[in-house]
Chemist: 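Here it is, the structure in full.
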2 protein chains.
Amino acid sequence: MAATFAKLQSNRWPALLDAAAALFAERGYHATTIRDVAQAAGVTPGALYFHVPTKQALLIAVYAEGVDRIIRHVDASIGAEIDPSLRFRRAIKAHLEAILDTSAFARVIVRVLPDDVPEAAAELRAQRDRYEMRFRALIAALDLPPGRSPTLLRMLLMGALNATPIWYRPSSGRLDAIVDEFVASFGAGMTGAGPEPQRRSKR
Amino acid sequence: MAATFAKLQSNRWPALLDAAAALFAERGYHATTIRDVAQAAGVTPGALYFHVPTKQALLIAVYAEGVDRIIRHVDASIGAEIDPSLRFRRAIKAHLEAILDTSAFARVIVRVLPDDVPEAAAELRAQRDRYEMRFRALIAALDLPPGRSPTLLRMLLMGALNATPIWYRPSSGRLDAIVDEFVASFGAGMTGAGPEPQRRSKR
DNA sequence: GAGCTAACTGAACGATCGATTAGCATCAGA
DNA sequence: TCTGATGCTAATCGATCGTTCAGTTAGCTC
């Protein structure tokens, strides 16, 4: 047990995961080689296979860690807020923070699509779903205008959110302006509570 | 000249483009090999290099053809309609038709991202922009609520639109229901004109 | 029917990929 | 001091990749 602790402290598994996440996020899965990951982590390719059996398993491990991290970040950002529309807004902002700034792990999830790796697609989809269910609950708590489908709204929202890394540059302006635009598109018409201060006064 | 005509009629370049588009759309760029394309078109790998110098050039050719086709489809769908909000709606529907049903070429554009092929990224982005300018004009003609950014709205819209192939299944219901959801998110608050007939009466 | 060219075949090239293997160093526990 | 994991290195494997190329075929021209 002490040995296990020492092992977890000393070995290079976390560094390997970090290196893999950074490369998968930047270049995608196919364009990243085992040698790239090993070199970035400062080990030989063989060492990598001591920790993980295949390249696909490495991707799955990164994916799982990424989902864990983004869930933690979103949950922490929502905090104890109880107003559904404010919870929704905070979740959107936290999601954008995670994939635009914070974490290469989160960026892997939106960059590497399940279909890119057919053999691991089912597992990757399951990991994604684990996260998207957070938004399912958030949207279900909203008081949507009649006629809007919570499911379709979630699909459109996730699509728009996950495309942001393609066009977003830190110089694009304050993140809050982008969050406002998301709320204007996907949170408009909610009756749950008064929205954030700066909207509602608008038309 | 007669020879040129006969050549254009008989050679396999269109068939090669079709095969490449189908495979790129289904598996992505990296997972599709030259041999896959050649086999699907019924030729040997060497024959492919008679028509195109590199795999990247093949992708660019498919991309360009895809942009041509989706622009033609969207323009044809808008037709002579002059109401800005109806033009907007028709363009959304035409875009979805193109990437969900009609054309493997259009699906390649939303499936293979410029960043997936760094050496061809600039060219691919130029092709994409050629199409997205259509939506820039459509949105500029809308009468948006104050405070909404036409540029951000376009980014969010394109992201949500281009993510549909990931989750859409023909059994997901009528396409019009999805178009309604897009208009509710991105076309709401327009003052340009009364909306299309079949909504408004629906609840 | 000789000559030419577009279009293609069949086979192979070098490079690189994911993965494997034999062996070495380190160190805790007995 | 020995033992046996643990964690790694160095070298390499077979497979597959994009690409090349010498030669073949079909159809045209003169």
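Here is how names work: the chains are called A, B, and so on, in the same order as the sequence lines, proteins then strands, and each is numbered from 1. Just so it is clear, the values below take in all heavy atoms, side chains as well, and ignore hydrogens, waters and symmetry mates.
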Chemist: Do A:Arg111 and A:Tyr29 have side-chain atoms, one donor and one acceptor, less than 3.5 Å apart?
Modeler: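 The answer is no; no qualifying pair exists.
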Chemist: Can you tell me if the side-chain N/O atoms of B:His51 get under 4.0 Å from OP1 or OP2 in C:dC8?
Modeler: yes
Chemist: Say whether B:Arg35 and B:Thr44, considering side chains only, have a donor N or O and an acceptor N or O under 3.5 Å apart.
Modeler: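 Not at all, the side chains of B:Arg35 and B:Thr44 share no donor-acceptor pair under 3.5 Å.
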Chemist: Write down the distance between CD (A:Glu119) and P (C:dG18), rounded to a whole number of angstrom.
Modeler: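 Result: 13 Å.
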Chemist: Do the ring centers of A:Phe186 and A:Phe135 come within less than 6.0 Å of each other?
Modeler: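 No, they do not, as the ring centres are separated by 6.0 Å or more.
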Chemist: Dump the pairs, protein N or O against N or O of nucleotides 17-21 of chain D, anything under 3.5 Å, distances to one decimal.
Modeler:
{"unit_1": "D:dG18", "atom_1": "OP1", "unit_2": "B:Lys55", "atom_2": "NZ", "d": "2.8"}
{"unit_1": "D:dG18", "atom_1": "OP2", "unit_2": "B:Ile34", "atom_2": "N", "d": "3.0"}
{"unit_1": "D:dG18", "atom_1": "N7", "unit_2": "B:Arg35", "atom_2": "NH2", "d": "2.6"}
{"unit_1": "D:dG18", "atom_1": "O6", "unit_2": "B:Arg35", "atom_2": "NH2", "d": "2.8"}
{"unit_1": "D:dT19", "atom_1": "OP2", "unit_2": "B:Tyr49", "atom_2": "OH", "d": "2.6"}
{"unit_1": "D:dT19", "atom_1": "OP2", "unit_2": "B:Lys55", "atom_2": "N", "d": "2.8"}
{"unit_1": "D:dT19", "atom_1": "O5'", "unit_2": "B:Tyr49", "atom_2": "OH", "d": "3.3"}

Chemist: Could you state the atom-to-atom distance from CD of A:Gln39 to C1' of C:dT16 in whole Å?
Modeler: 15 Å
Chemist: Of all residues at least two apart in sequence or in a different chain, which pass the salt bridge (charged side-chain N to carboxylate O under 4.0 Å, His left out) check with A:Glu65?
Modeler: A:Arg69
Chemist: D:dT6, D:dT9, C:dT9: which one has an atom nearest the side-chain heavy atoms of A:Arg12?
Modeler: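 So the side chain of A:Arg12 is nearest to D:dT9.
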Chemist: Rounded to the nearest angstrom, tell me the gap between atom CG in A:Leu59 and atom P in C:dG18.
Modeler: 12 Å
Chemist: Find the distance A:Phe50:CZ to D:dA5:P and express it as a whole number of Å.
Modeler: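 Going from A:Phe50 (CZ) to D:dA5 (P), I get 12 Å.
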Chemist: Before accepting this row, confirm whether a basic side-chain N of the pair A:Arg125/A:Asp115 lies closer than 4.0 Å to the acidic partner's carboxylate O.
Modeler: yes
Chemist: Between A:Arg89 and A:Asp83, is there a side-chain N and carboxylate O pair less than 4.0 Å apart?
Modeler: no
